[in-house]
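Note that ligands are numbered from 1 as they come in the structure, with each ligand's atoms numbered from 1 the same way. Since the structure is predicted, the reported quantities are computational estimates derived from the model, not experimental observations.
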Amino acid sequence: MSESWIIGINPVEGALANDASRVRELLVDIATAQRNTRIKELVDQARAHHIPVHHRPREQLDKLAGQARHQGIVALYEPPPMTHEDELAGLLERDGMETLVLVLDGITDPHNLGACLRSAAAAKVTAVIVPKDRAVGLTPVVRRASAGGADRVPLVAVTNLARTLRELKDAGVWITGLAGDTETSVYEVDFRGPVALVLGSEGEGMRRLTRELCDFVAKIPMPGAMESLNVSVATGVVLFEALRQRAAKR
Ligand SMILES: C[S@@+](CC[C@H](N)C(=O)[O-])C[C@H]1O[C@@H](n2cnc3c(N)ncnc32)[C@H](O)[C@@H]1O
């Protein structure tokens, strides 16, 4: 994957903390850097890792950052390669009974995918699986919205999602799809053991075949009169319900 700019104090801090060897250079606005101790610290960290630090006029950073707020600092970053689908079996084997997979069936909004990756990384999932087609890829906006999560969770883009779901079933993973139009509640499903949670796209929800391949389809009950939750919110709710159940005494 090609290098891209990471913009702003938190994202740059995350990149340096996660894998400084992937940070190629730092550009800082000297005027801001002189009054901002966090930027000074990041510059020190970068220098300690022998990463070149260059001073640039604010206008140049404005141009690089586009709409994003750079706060006086940007970093050129080479993202790690995405996990290949052949590596999935190894990840399932590694996590065994603790396997927790997140499947996102066709998310198109980069902010939503970023937010899902952030929650997935926080929940320490085994992998996030997305279809290669008809879904947003790992763009700089996704990476930024994920607040570092994109680099902390194996993201697997698969050619044929239905085939991958069958492979998960064959590996003993129980699959629960999330949809609002069903009777079963997520609070009734047993999420202990190896499980995959499948969420649908913003407009259409899960595709028909994806839904048919689920062992269970469950809803997050909503007392209010809303049609649905945002997909990243639903992802957070169900992931942390699964973690709650797994942490509870058996
Ligand atoms: C914005 S919703 C899609 C709404 C779409 N009109 C539909 O019919 O599914 C995106 C995804 O979030 C999940 N989701 C949203 N609200 C949910 C709820 N109350 N219960 C279960 N899943 C929900 C589902 O996986 C859904 O496919």
Side-chain angles (χ1 to χ4, degrees), residues 88 99-139 141-142 145-147 149-150 153-158 160-169 173-246 248:
L88 189 57
T99 294
L100 177 58
V101 173
L102 178 67
V103 181
L104 302 169
D105 187 14
I107 293 191
T108 51
D109 181 318
H111 293 101
N112 282 343
L113 179 59
C116 289
L117 292 175
R118 183 176 186 167
S119 297
K124 207 165 189 286
V125 302
T126 306
V128 178
I129 298 175
V130 295
K132 260 188 195 138
D133 297 331
R134 289 191 311 253
V136 63
L138 197 44
T139 64
V141 180
V142 172
S146 81
V153 68
L155 178 62
V156 190
V158 299
N160 183 331
L161 185 61
R163 186 178 63 204
T164 304
L165 291 175
R166 289 193 191 96
E167 285 167 5
L168 288 175
K169 274 163 155 347
V173 177
W174 289 89
I175 303 178
T176 299
L178 273 286
D181 61 351
T182 189
E183 284 309 308
T184 312
S185 146
V186 286
Y187 306 117
E188 295 163 39
V189 180
D190 187 348
F191 290 124
R192 292 169 302 174
V195 300
L197 307 168
V198 188
L199 287 101
S201 68
E202 294 90 347
E204 303 299 318
M206 276 183 289
R207 283 174 291 175
R208 186 183 53 79
L209 182 55
T210 304
R211 186 165 173 151
E212 281 171 12
L213 286 166
C214 293
D215 298 299
F216 311 100
V217 178
K219 68 176 174 192
I220 299 165
M222 298 186 303
M226 293 302 288
E227 196 216 318
S228 64
L229 297 167
N230 172 282
V231 63
S232 67
V233 173
T235 295
V237 170
V238 71
L239 275 177
F240 285 86
E241 166 59 12
L243 290 192
R244 186 195 67 78
Q245 290 189 17
R246 290 147 90 99

Colleague: Write out the residue and atom name of the closest protein heavy atom to atom 24 (C) of ligand 1, then the distance separating them to 0.1 Å.
Modeller: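 Answer for atom 24 (C) of ligand 1: Leu178 O, 3.2 Å.
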Colleague: Looking at atom 9 (O) of ligand 1, what's its closest protein heavy atom, distance included?
Modeller: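 Here the closest protein heavy atom is Gly205 CA, 3.4 Å.
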Colleague: Identify, for atom 11 (C) of ligand 1, the protein heavy atom at the shortest distance, and state residue, atom and that distance.
Modeller: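 Protein heavy atom at minimum distance: Gly200 O, 3.5 Å.
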Colleague: Please assess Asp215 against Lys169 for the test salt bridge (Lys or Arg N to Asp or Glu O under 4.0 Å), listing each intermediate value before the final yes or no.
Modeller: CA-CA 9 Å; Asp215 298 299; Lys169 274 163 155 347; 2.9 Å; yes
Colleague: Using a 4.0 Å heavy-atom threshold (strictly under), name the region of Glu202 that reaches ligand 1: side chain, backbone, both or neither.
Modeller: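 Backbone only.
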Colleague: Please report whether ligand 1 has a polar contact with Leu229, defined as an N or O pair separated by less than 3.5 Å (distance criterion only).
Modeller: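 Indeed, backbone or side chain, Leu229 has an N or O that close.
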Colleague: Using modelled atom types and a 3.5 Å cut-off, is there a donor and acceptor pairing between side-chain atoms of Arg246 and backbone atoms of Phe191?
Modeller: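 Side chain of Arg246 to backbone of Phe191, a donor-acceptor pair under 3.5 Å: yes, one is there.
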Colleague: Any chance CD of Glu204 has more than 12 other-residue heavy atoms, nucleotides or ligands included, within less than 6.0 Å?
Modeller: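 Atom CD in Glu204 is not packed in, count stays at 12 or less.
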Colleague: For atom 10 (C) of ligand 1, what is the nearest protein heavy atom, given as residue, atom name and distance?
Modeller: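 Result for atom 10 (C) of ligand 1: Ser201 O, 3.4 Å.
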Colleague: Say you draw a straight line from SG of Cys116 to CG of Leu102; how long is it, rounded to the nearest 0.5 Å?
Modeller: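 Rounded to the nearest 0.5 Å, the SG-CG separation comes out at 6.5 Å.
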Colleague: Please tabulate, for the side chains in residues 117-131, all donor-acceptor contacts under 3.5 angstrom to protein atoms that are two or more places apart in sequence or on a different chain.
Modeller:
unit_1, atom_1, unit_2, atom_2, d
Ser119, OG, Ala115, O, 3.4
Thr126, OG1, Asp95, OD2, 2.7
Thr126, OG1, Leu100, N, 2.9
Thr126, OG1, Leu100, O, 3.4

Colleague: What is the closest protein heavy atom to atom 23 (C) of ligand 1, and at what distance does it sit?
Modeller: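 Nearest protein contact, heavy atoms only, for atom 23 (C) of ligand 1 is Ala234 CB, 4.0 Å.
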Colleague: Report the nearest protein non-hydrogen atom to atom 8 (O) of ligand 1: residue, atom name, distance rounded to 0.1 Å.
Modeller: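 So the nearest neighbour among protein heavy atoms is Glu204 O, 4.2 Å.
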Colleague: Is there a heavy atom in Pro221 that sits closer than 4.0 Å to ligand 1?
Modeller: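 No, Pro221 has no heavy atoms under 4.0 Å from ligand 1.
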Colleague: Give the residue, atom name and distance (to 0.1 Å) of the protein heavy atom nearest atom 20 (N) of ligand 1.
Modeller: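 Protein heavy atom at minimum distance: Ile220 N, 2.8 Å.
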Colleague: Is ligand 1 less than 4.0 angstrom away from at least one heavy atom of Gly177?
Modeller: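 Flag not set, Gly177 not near ligand 1.
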Colleague: Just to confirm my output: which protein heavy-atom neighbour is closest to atom 5 (C) of ligand 1, and how far is it?
Modeller: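 Protein heavy atom with the smallest distance to atom 5 (C) of ligand 1: Gly203 O, 3.4 Å.
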Colleague: Do ligand 1 and Val198 have nitrogen or oxygen atoms that lie under 3.5 Å from each other?
Modeller: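 No, since none of the N or O atoms of Val198 sits under 3.5 Å from an N or O of ligand 1.
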Colleague: Between ligand 1 and Leu199, is the shortest N or O to N or O distance under 3.5 Å?
Modeller: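 No; every N/O pair is 3.5 Å or more apart.
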Colleague: Regarding ligand 1, does Met222 bring an N or O atom to under 3.5 Å of one of the ligand's N or O atoms?
Modeller: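 No; every N/O pair is 3.5 Å or more apart.
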Colleague: Around atom CD of Glu188, are there more than 12 heavy atoms from other residues, nucleotides or ligands closer than 6.0 Å?
Modeller: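 Counting other residues, nucleotides and ligands, CD of Glu188 exceeds 12 neighbours.
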Colleague: Show the atoms of ligand 1 that are less than 4.0 angstrom away from any heavy atom in Ala179.
Modeller: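 Selected atoms, number and element: 20 (N), 21 (C), 22 (N).
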